[in-house]
S.K.: 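Just dropping this structure here.
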Amino acid sequence: MTKLVQFGVIARNFSSSSAMQSAIKNVTVIGGGLMGSGIAQVSAQAGQNVILVDVSSDVLAKSQKSIGANLGRVAKKMYKDKPQEGEKFVTDAMARIKTSTDPSEASKSADLVVEAIVENMSVKHKLFSQLDGVAPNHTIFASNTSSLSINEICSVVKRKDRFGGLHFFNPVPVMRLLEVVRGAETSDATYKTMMEWGKAVGKTCITCKDTPGFVVNRLLVPYICEAIRLYERGDASARDIDTAMKLGAGYPMGPLELADYVGLDTNKFILDGWHKKYPDQPLFNPIPLLDKLVAEGKLGVKAGEGFYKYDKK
Ligand SMILES: CCCCCCC[C@H](O)CC(=O)SCCNC(=O)CCNC(=O)[C@H](O)C(C)(C)COP(=O)([O-])OP(=O)([O-])OC[C@H]1O[C@@H](n2cnc3c(N)ncnc32)[C@H](O)[C@@H]1OP(=O)([O-])[O-]
Ligand SMILES: NC(=O)c1ccc[n+]([C@@H]2O[C@H](COP(=O)([O-])OP(=O)(O)OC[C@H]3O[C@@H](n4cnc5c(N)ncnc54)[C@H](O)[C@@H]3O)[C@@H](O)[C@H]2O)c1
């Protein structure tokens with residue numbers, strides 16, 4: 001049942017993407033990790049020319065491998081009875097993705113640059129100020145940040161009217177939402193182009209102002225944190241908290257499973273940043289159990305242990 005639903009989602013995403021038109025033809029995605037490789041995949045699936053950039057060529061090789069495997073999964077479902085067409089779909093999409101370790105060079109022909117590098121303001125500032133000097137005048141810059149302010153990120157560029165947030169969700173090929181974030185100076189034309197591009201890559205777009213966590217994370221982070229506090233107090237077991245939210249509220253994953261999935265270090269990083277910025281907001285107060293798990297290296301699925309234990313990949 002689940003698999004059928006997921007197939008429906010992927011097929012619907014792709015067919016809507018083929019039908020949509022976008023002014024953006026050349027996309028440069030900076031950061032070839034978890035999110036960047038997913039963004040590159042959905043862009044190439046939608047027929048766009050993509051350059052995927054990372055500082056590490058090992059990361060790029062790994063990303064290409066995982067994009068190939070994920071496209072294969074999509075093709076298997078979309079072209080169930082036409083394996084040759086499925087193979088062509090994968091080959092064509094892969095051929096649209098080039099890789100580079102030079103962000104400046106890779107941005108020279110971009111209509112849109114989507115940044116998905118480490119969640120660190122000064123690293124993002126360094127990248128965008130470098131690109132602002134080399135990218136064409138018309139190029140739109142966007143950040144996939146989870147928790148940082150779009151206005152603060154774009155403070156270093158001259159093209160503030162051509163800057164916004166494009167916040168995708170993990171796993172990108174499967175999650176149907178894209179948050180399109182308008183900064184204080186994002187122009188109407190930039191906003192419209194970002195919305196059209198989001199639809200073209202098969203996502204349902206919602207609009208949000210530059211407010212902490214936008215819509216999803218502003219609700220999700222306090223929810224996950226409350227679940228951790230509930231568990232910390234000993235009010236219920238981890239398994240029961242997760243079962244409760246899956247069966248009682250219809251979520252695909254429980255809050256502690258989801259915290260392990262996104263990474264407990266990420267949870268802590270977001271919480272600490274917001275606590276520092278908004279010390280009077282009790283929802284953002286530090287959580288001793290979360291701090292302890294992170295200090296012990298129990299970061300969730302990627303570390304083999306968080307609230308639960310996992311087979312290390
Ligand atoms: C303090 C809080 C901190 C918040 C942090 C914020 C982070 C960020 O800013 C916001 C987020 O992203 S928040 C996070 C938002 N995210 C959520 O909330 C996620 C909530 N969870 C879910 O929606 C589901 O559990 C999943 C979709 C993850 C898995 O679905 P399932 O049904 O349980 O398991 P299944 O049957 O195995 O998979 C079905 C099919 O899906 C496909 N597929 C799966 N993984 C894939 C991947 N990595 N790649 C590509 N494709 C992938 C695949 O086609 C597979 O079929 P196949 O048969 O294998 O070909
Ligand atoms: N992981 C999630 O669930 C998720 C969801 C939505 C948004 N985000 C946001 O997306 C961004 C990326 O997150 P991720 O999970 O993909 O991280 P990741 O660690 O998987 O990937 C980041 C990649 O960026 C590369 N990188 C770092 N600095 C670079 C630079 N200057 N130039 C080029 N490449 C550079 C790293 O080598 C790494 O491969 C962050 O801002 C994060 O907050 C993450």
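Remember, it's a predicted structure, so these values are computed and weren't measured experimentally. Numbering starts at 1 and runs along the sequence shown.
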S.K.: For the pair Asp188 and Arg182, find out whether any cationic side-chain nitrogen is under 4.0 Å from an anionic carboxylate oxygen.
M.R.: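 A salt bridge links Asp188 with Arg182.
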S.K.: Just how far is it from atom CG of Leu293 to atom NZ of Lys268, taken to the nearest 0.5 Å?
M.R.: 11.0 Å
S.K.: Heavy atoms only: give me the nearest Pro286-Asp291 pair and the separation to one decimal.
M.R.: CB-OD2, 4.1 Å
S.K.: Between the main-chain N or O of Ile117 and the side-chain N or O of Lys124, is there a donor-acceptor pair closer than 3.5 Å?
M.R.: yes
S.K.: Closest heavy-atom contact between Ala40 and Ile67?
M.R.: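 In this case the closest contact between Ala40 and Ile67 is CB-CD1, 4.2 Å.
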S.K.: For Lys209, what residues pass the salt bridge (charged side-chain N to carboxylate O under 4.0 Å, His left out) criterion, not counting sequence neighbours?
M.R.: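 If we apply the salt bridge (charged side-chain N to carboxylate O under 4.0 Å, His left out) test to Lys209, skipping adjacent residues, there are no hits.
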S.K.: Quick one: do Leu166 and Ile39 satisfy side-chain contact (heavy atoms from CB on, under 4.5 Å)? Show the steps, please.
M.R.: CA-CA 10 Å; Leu166 287 172; Ile39 298 166; over 6 Å; no
S.K.: Flag the pair Glu152 and Lys277 as a salt bridge only when some basic side-chain nitrogen lies within less than 4.0 angstrom of an acidic carboxylate oxygen.
M.R.: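 A salt bridge links Glu152 with Lys277.
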S.K.: Is the closest side-chain heavy-atom distance between Leu52 and Ser63 below 4.5 Å?
M.R.: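 Counting from C-beta outward, Leu52 and Ser63 do come under 4.5 Å.
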S.K.: Can you name the residues that form a side-chain contact (heavy atoms from CB on, under 4.5 Å) with Leu230, not counting sequence neighbours?
M.R.: Arg233, Asp235, Ile241
S.K.: For Lys302, look at atom NZ and say whether over 12 heavy atoms of other residues, nucleotides or ligands are found less than 6.0 Å away.
M.R.: yes
S.K.: Donor-acceptor pair, distance only, cut-off 3.5 Å: does the side chain of Ser187 make one with the backbone of Asp161?
M.R.: yes
S.K.: Roughly how far, to the nearest 0.5 Å, is the CD atom of Gln64 from the CD atom of Gln41?
M.R.: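 Between Gln41 CD and Gln64 CD, I get 12.5 Å after rounding to 0.5 Å.
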S.K.: If you define the side chain from C-beta out and look only at heavy atoms, does anything of Tyr191 sit under 4.5 Å from Val180?
M.R.: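 They are in contact (side-chain heavy atoms under 4.5 Å apart), so the answer is yes.
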S.K.: Applying side-chain contact (heavy atoms from CB on, under 4.5 Å), run through Met121 and Ile153 and close with a yes or a no.
M.R.: CA-CA 7 Å; Met121 188 62 83; Ile153 299 175; 3.7 Å; yes
S.K.: Excluding sequence neighbours, so at least two apart, what forms salt bridge (charged side-chain N to carboxylate O under 4.0 Å, His left out) with Lys65?
M.R.: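 For Lys65 there are no salt bridge (charged side-chain N to carboxylate O under 4.0 Å, His left out) partners, ignoring immediate neighbours.
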S.K.: For Leu127 versus Ile30, what's the shortest heavy-atom pair and its separation?
M.R.: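 In terms of heavy atoms, the two residues are closest at CD2-CG2, 3.9 Å.
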S.K.: Only counting residues at least two apart or in another chain, list the ones meeting side-chain contact (heavy atoms from CB on, under 4.5 Å) with Arg218.
M.R.: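 For Arg218 the side-chain contact (heavy atoms from CB on, under 4.5 Å) partners, ignoring immediate neighbours, are Pro222, Gln281, Leu283, Phe284.
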S.K.: As an exercise, state the distance from CD1 of Ile24 to CE of Met194, rounded to the nearest 0.5 Å.
M.R.: 10.0 Å
S.K.: Can you name the salt bridge (charged side-chain N to carboxylate O under 4.0 Å, His left out) partners of Arg239, sequence neighbours left out?
M.R.: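 Arg239 satisfies salt bridge (charged side-chain N to carboxylate O under 4.0 Å, His left out) with Glu257 only.
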S.K.: In chain order, what residues pass the side-chain contact (heavy atoms from CB on, under 4.5 Å) check against Val55, with sequence neighbours excluded?
M.R.: none
S.K.: Once ring-ring contact (aromatic ring centres under 6.0 Å, His included) is applied, do any residues pair with Tyr261, and if so which ones, sequence neighbours excluded?
M.R.: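 Counting only residues at least two positions away or on another chain, Tyr261 forms no ring-ring contact (aromatic ring centres under 6.0 Å, His included).
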S.K.: Quick one: are Pro255 and Asp242 in side-chain contact, heavy atoms under 4.5 Å?
M.R.: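 Yes, their side chains come closer than 4.5 Å.
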S.K.: Given 3.5 Å as the limit, does a donor-acceptor pair link the side chain of Thr186 with the main chain of Phe163, or not?
M.R.: yes
S.K.: Indicate yes or no for a side-chain donor-acceptor contact from Asp54 to the backbone of Val59 under 3.5 Å, with no hydrogens or angles considered.
M.R.: no
S.K.: How many angstroms lie between NZ in Lys108 and CG in Asp102, if you round to the nearest 0.5 Å?
M.R.: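 It is 7.5 Å, given to the nearest 0.5 Å.
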S.K.: Would a 4.5 Å heavy-atom cut-off, applied to side chains only, mark Val216 and Cys208 as touching?
M.R.: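 Counting from C-beta outward, Val216 and Cys208 never come under 4.5 Å.
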S.K.: If you round to the nearest 0.5 Å, how far is CZ of Phe269 from CG of Leu264?
M.R.: 15.0 Å
S.K.: Quick one: CG on Asn26 to OG on Ser43, what's the gap to the nearest 0.5 Å?
M.R.: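 Asn26 atom CG to Ser43 atom OG measures 11.0 Å (nearest 0.5 Å).
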S.K.: Do Tyr79 and Val42 share a hydrophobic cluster, counting only Ile, Leu, Val, Met, Phe, Trp and Tyr and linking them when any side-chain heavy atoms are less than 4.5 Å apart?
M.R.: yes
S.K.: Is Tyr308 reaching over with its side chain to a backbone N or O of Leu256, donor-acceptor style, under 3.5 angstrom?
M.R.: no
S.K.: Could you walk me through whether Cys225 and Leu271 satisfy the side-chain contact (heavy atoms from CB on, under 4.5 Å) test, starting with their C-alpha distance in whole Å, then the side-chain angles of each, then the deciding distance to 0.1 Å, before giving a yes or no?
M.R.: CA-CA 9 Å; Cys225 289; Leu271 193 64; 3.7 Å; yes
S.K.: Would a 4.5 Å heavy-atom cut-off, applied to side chains only, mark Cys205 and Trp197 as touching?
M.R.: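 No, too far: nothing below the 4.5 Å cut-off.
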S.K.: Tell me every residue that passes side-chain contact (heavy atoms from CB on, under 4.5 Å) with Ile206, counting only those two or more places apart in sequence or in another chain.
M.R.: Leu177, Glu179, Val215
S.K.: Could you check if a side-chain atom of Asp132 sits within less than 4.5 angstrom of a side-chain atom of Val156, using non-hydrogen atoms only?
M.R.: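 No. Closest side-chain heavy atoms not under 4.5 Å.
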S.K.: Is a side-chain donor or acceptor of Thr28 paired with a backbone partner of Ala106 at a separation under 3.5 angstrom?
M.R.: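 Such a contact is found between Thr28 side chain and Ala106 backbone.
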S.K.: Ignoring hydrogens and angles, write down the donor-acceptor pairs under 3.5 Å from the side chains of residues 83-90, residues two or more places apart or on other chains.
M.R.:
from: Lys88; atom 1: NZ; to: Asp92; atom 2: OD2; distance (Å): 2.6

S.K.: Are any non-hydrogen side-chain atoms of Ser155 and His125 less than 4.5 angstrom apart?
M.R.: yes
S.K.: Give me the atom names and distance for the closest heavy-atom approach of Gly254 to Lys246.
M.R.: N-CG, 3.6 Å
S.K.: Using atom types as modelled, flag every donor-acceptor pair under 3.5 Å from a side chain in residues 135-144 to any protein atom, sequence neighbours excluded.
M.R.:
from: Asn137; atom 1: OD1; to: Arg162; atom 2: NH1; distance (Å): 3.2
from: His138; atom 1: NE2; to: Asp111; atom 2: OD1; distance (Å): 2.8
from: Thr139; atom 1: OG1; to: Ala110; atom 2: O; distance (Å): 2.7
from: Thr139; atom 1: OG1; to: Pro136; atom 2: O; distance (Å): 3.1
from: Ser143; atom 1: OG; to: Glu115; atom 2: OE1; distance (Å): 2.5
from: Ser143; atom 1: OG; to: Thr145; atom 2: N; distance (Å): 3.1
from: Asn144; atom 1: OD1; to: Phe168; atom 2: N; distance (Å): 2.8

S.K.: Any ring-ring contact (aromatic ring centres under 6.0 Å, His included) involving residues 201-259? Give me the pairs, sequence neighbours left out, ordered by first then second residue.
M.R.: His167-Phe214, Tyr223-Tyr251, Tyr231-Phe307
S.K.: Taking side chain as C-beta onward, heavy atoms only, is Ile228 less than 4.5 Å from Ile224?
M.R.: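 Ile228 reaches Ile224 side chain to side chain.
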S.K.: Considering residues at least two apart in sequence or located in another chain, which fulfil the salt bridge (charged side-chain N to carboxylate O under 4.0 Å, His left out) criterion with Arg96?
M.R.: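 Per chain and number, Arg96 pairs via salt bridge (charged side-chain N to carboxylate O under 4.0 Å, His left out) with no residue.
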S.K.: Which heavy atom of Gln130 sits nearest a heavy atom of Ser104, and at what distance?
M.R.: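 Distance-wise, the nearest heavy atoms are NE2-OG, 2.8 Å.
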S.K.: Would you please test Gln48 and Val201 for side-chain contact (heavy atoms from CB on, under 4.5 Å) and show each step?
M.R.: CA-CA 9 Å; Gln48 299 175 349; Val201 300; 4.0 Å; yes
S.K.: Please check: side-chain N/O of Lys203 versus main-chain N/O of Val172, any donor-acceptor pairing under 3.5 Å?
M.R.: yes
S.K.: Can you name the nearest heavy-atom pair linking Ala46 to Ala200, along with the distance?
M.R.: CB-O, 3.2 Å
S.K.: Ignoring hydrogens and geometry beyond distance, is a side-chain donor-acceptor pair present between Ser122 and Asn120 at under 3.5 Å?
M.R.: yes
